Amino acid sequence: MSTARSSFLAAAEDRGFVHQCTDRDGLDARLAAGPLTAYIGFDCTADSLHVGSLLQIMLLRLWQRTGNKPIVLMGGGTTKVGDPSGRDETRRLLSDADIDANMAGIRRVFDRFLTFGDGPTDAAMTNNALWLDRLEYIPFLREYGRHFSVNRMLTQDSVRLRLEREQPLTFLEFNYMMLQAYDFVELARRERCFVQMGGSDQWGNITMGVDLGRRAGGFELFGITSPLVTTSSGAKMGKTAQGAVWLNQERLSPYDYWQFWRNTEDGDVGRFLRLFTDLPVSEIARLEALGGSEINAAKEALATAATALCHGSDAASAAAETARRVFAEGGIGENLPVTETPRDALAAGAPAIQLFLETGLAASLGEARRLIRGGGARINDAVVDDEARRLTLDDVSADGVIKLSAGRKRHALVKVV
RNA sequence: GGAGGGGUAGCCAAGCGGUCAACGGCAGCAGACUGUAAAUCUGCCGACUUCGGUCUUCGAAGGUUCGAAUCCUUCCCCCUCCA
């Protein structure tokens, strides 16, 4: 159990959110004395966030739930520069219009997790383009550049790794850490925000901000980083067959999101419950103690709780219900993707491979053929053994649909119209 | 500006005149085993196909050749070192 006095730090430590902290006891004392404001910066390189950012979102959520004020800092300005951390290649540069569109999409994701408003603990969102776009080169260098040591900047992982691996690093990217450090000072001034949180890969950037705050602004600033979340088998989490696990439903349906969590590895269930749901720690302890196939109950609880946070409890229970019908009963559920096909086509006999392509279960006709050859294709739960198989009206069930499956987990419905 | 090294499928990476739709690894998909887990094993993994083949691909465009990812020319891009 955490020894922290403040409710935030106690909960964060107990649930496994804390990796490093610049002055843990100092921060604990400040938090115990009264509410604070903290921020986390997010890139806007895409129009949604994915599971890779979820830990940071949950950290802000916990911050708010324990009575403090969270600020979401959109990197509208820093996105124009590109964080070199963890990359060997320069990121492509985005236009202002792209960045604006991406920010709007990301805002919709945050609305699910945080309560925005004007109250003392309401979340706020701001954009560092607000101050970064207006920076003047010479004044900035004279006022802040003199506090940065190139010697130290060269030792930062983001820079050092690139240099060691003889990968290119442009001067533009080299400036990223200065700008991020400056953000912290700017937020301290504007919002009296003295805490920055982030992933463990941001430690260097955060500590530079803490130092700059002291040197250039006389602020006492704090930094906290969260651990890098990998699965028990070592993979970076957040990838599925279809790609990244997005948090907006336009990119990934609530059903697929539920499935992502349902398929968590055994060894990760407890950790993920603590990080990605609001369930009480005592309840989580009970769930993760389940052994053997009973652990599946814990995975379902994880999936439903995590989906409820992201897409609402209605969508979560609908996804759970669909999964129950599809997997436990081998039937169909409303949440499966539906493709419509005209009755005439079926009357004439539509090639099965064509429908596998149209439903998205296969990416090409050839892939559909291979799926059938490999024995992974099923129509109404019966394995397809003939590549030339045609779908006819005889395949339509009483519900007016045909269920197509690629493997055990991917299903789609064809509806006759 | 000078010298050198590169650009091959989602990624890494072989190939260096035919047997190359292109070795190998990773990622991915499917099957077996299971618990919608992990690990393991097996198959698949450019597109189309009447399964005989056909078409497009190795930075771009030309050329040599019966035949080019492989040779030549020009162009574009990237890296390293020197100035």
Side-chain angles (χ1 to χ4, degrees), chain A residues 86-93 162-173 230-245 255-273 287-304 306-307 319-333 335-336 349 351-354 356-357 359-379 381-390 403-412:
Chain A
R87 298 276 175 140
D88 271 348
E89 283 175 22
T90 306
R91 297 179 193 221
R92 78 189 178 92
L93 299 176
R162 282 259 192 116
L163 295 178
E164 280 175 1
R165 301 178 64 173
E166 300 190 342
Q167 295 295 325
L169 176 74
T170 65
F171 184 67
L172 178 69
E173 296 167 286
T230 54
T231 64
S232 297
S233 38
K236 198 168 177 180
M237 77 174 285
K239 297 292 286 296
T240 64
Q242 287 75 33
V245 179
Y255 174 72
D256 288 328
Y257 190 75
W258 193 93
Q259 283 296 329
F260 167 73
W261 293 105
R262 174 63 183 80
N263 285 311
T264 298
E265 293 175 30
D266 287 11
D268 295 327
V269 173
R271 197 158 49 103
F272 285 6
L273 278 165
L287 286 169
E288 78 178 320
L290 295 172
S293 61
E294 289 186 354
I295 192 83
N296 285 325
K299 293 184 186 182
E300 282 165 24
L302 168 64
T304 301
T307 305
E321 174 59 15
T322 296
R324 194 184 63 75
R325 281 198 213 148
V326 172
F327 287 96
E329 299 174 8
I332 57 176
N335 269 14
L336 293 178
I353 52 171
Q354 184 66 35
F356 272 94
L357 176 65
T359 51
L361 293 176
S364 68
L365 293 178
E367 192 177 305
R369 281 176 216 279
R370 288 191 293 270
L371 186 68
I372 292 172
R373 269 180 227 164
R378 290 196 307 286
I379 296 171
D381 297 309
V383 174
V384 182
D385 49 15
D386 176 13
E387 279 177 46
R389 172 80 149 83
R390 284 171 174 271
K403 180 186 177 191
L404 300 182
S405 310
R408 286 262 130 67
K409 297 182 188 174
R410 291 154 60 221
H411 309 279

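Quantities reported herein were computed from a predicted structural model and do not represent experimental measurements.
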### Query
Rounded to the Å, how far apart are A:I295 CD1 and B:rU34 P?
20 Å
### Query
If you look at every strand shown and take non-hydrogen atoms under 4.0 Å, does A:R370 touch a base, only sugar-phosphate, or nothing?
sugar-phosphate
## Note on the structure
Taking a pair to mean Watson-Crick or G-U wobble geometry with both distances below 3.5 Å, B:rA22 pairs with none
#### Entry: Distance, C1' atom - from B:rC82 to B:rC72, rounded to whole angstrom
30 Å
### Query
For B:rC48, does OP1 or OP2 lie under 4.0 Å from any side-chain N or O of A:S364?
yes
### Query
OP1 or OP2 of B:rA30 sitting under 4.0 Å from any side-chain N/O of A:R410?
yes
### Task
Report the nucleotide, chosen from B:rU36, B:rA32, B:rC51, that has the shortest atom-to-atom distance to any side-chain atom of A:R369.
B:rC51
### Task
Whole angstrom is fine here: how far is it from CG in A:L357 over to P in B:rG46?
16 Å
#### Entry: Any A:K409 side-chain nitrogen or oxygen under 4.0 Å from OP1 or OP2 of B:rA37
yes
### Message
Output the rounded distance in Å from CG (A:N296) to P (B:rU34).
### Response
15 Å
### Message
A:I353 vs A:E367, test: side-chain contact (heavy atoms from CB on, under 4.5 Å). Steps then yes/no.
### Response
CA-CA 9 Å; A:I353 52 171; A:E367 192 177 305; over 6 Å; no
### Pairing partner (Watson-Crick or G-U wobble, both distances under 3.5 angstrom) of B:rU40
B:rA32
### Message
For a quick check of understanding: with a heavy-atom distance under 4.0 Å over all strands, which category does A:Q259 fall into, base, sugar-phosphate or nothing?
### Response
base
### Message
With a 3.5 Å limit on both atom pairs, tell me what B:rC81 is paired to, counting Watson-Crick and G-U wobble, or say none.
### Response
B:rG2
### Task
Send over the distance from A:F327 CZ to B:rG35 P, rounded to a whole Å.
15 Å
### Task
Would you indicate which nucleotide in B:rU36, B:rG35, B:rC48 comes nearest to any side-chain atom of A:D266?
B:rG35
### Query
Does A:R373 place a side-chain N or O at less than 4.0 Å from the phosphate oxygens OP1/OP2 of B:rC44?
no
### Message
Here's a test for you: under side chain to side chain donor-acceptor pair (under 3.5 Å), which of A:T307, A:T322, A:T304 qualifies with A:W258?
### Response
A:T304
### Message
Any base atoms under 4.0 Å from A:A406, or only sugar-phosphate, or nothing? Heavy atoms, all strands.
### Response
sugar-phosphate
### Task
Identify which nucleotide among B:rG35, B:rC51, B:rC29 has an atom closest to any side-chain atom of A:E387, counting heavy atoms from C-beta outward.
B:rC51
### Query
Rounded to the nearest Å, what distance is computed from the CZ atom of residue A:F356 to the P atom of nucleotide B:rC29?
16 Å
#### Entry: Main-chain N/O of A:D381 paired with A:K403 side-chain donor or acceptor, under 3.5 Å
no
### Task
Pull up the glycosidic torsion of B:rG52 and say syn or anti, syn being anything within 90° of 0.
syn
### Task
Kindly say whether A:G407 contributes a backbone atom to a donor-acceptor pair with the side chain of A:R378 at under 3.5 angstrom?
yes
### Closest heavy-atom pair and its distance - A:P351, A:R390
CD-NH1, 3.9 Å
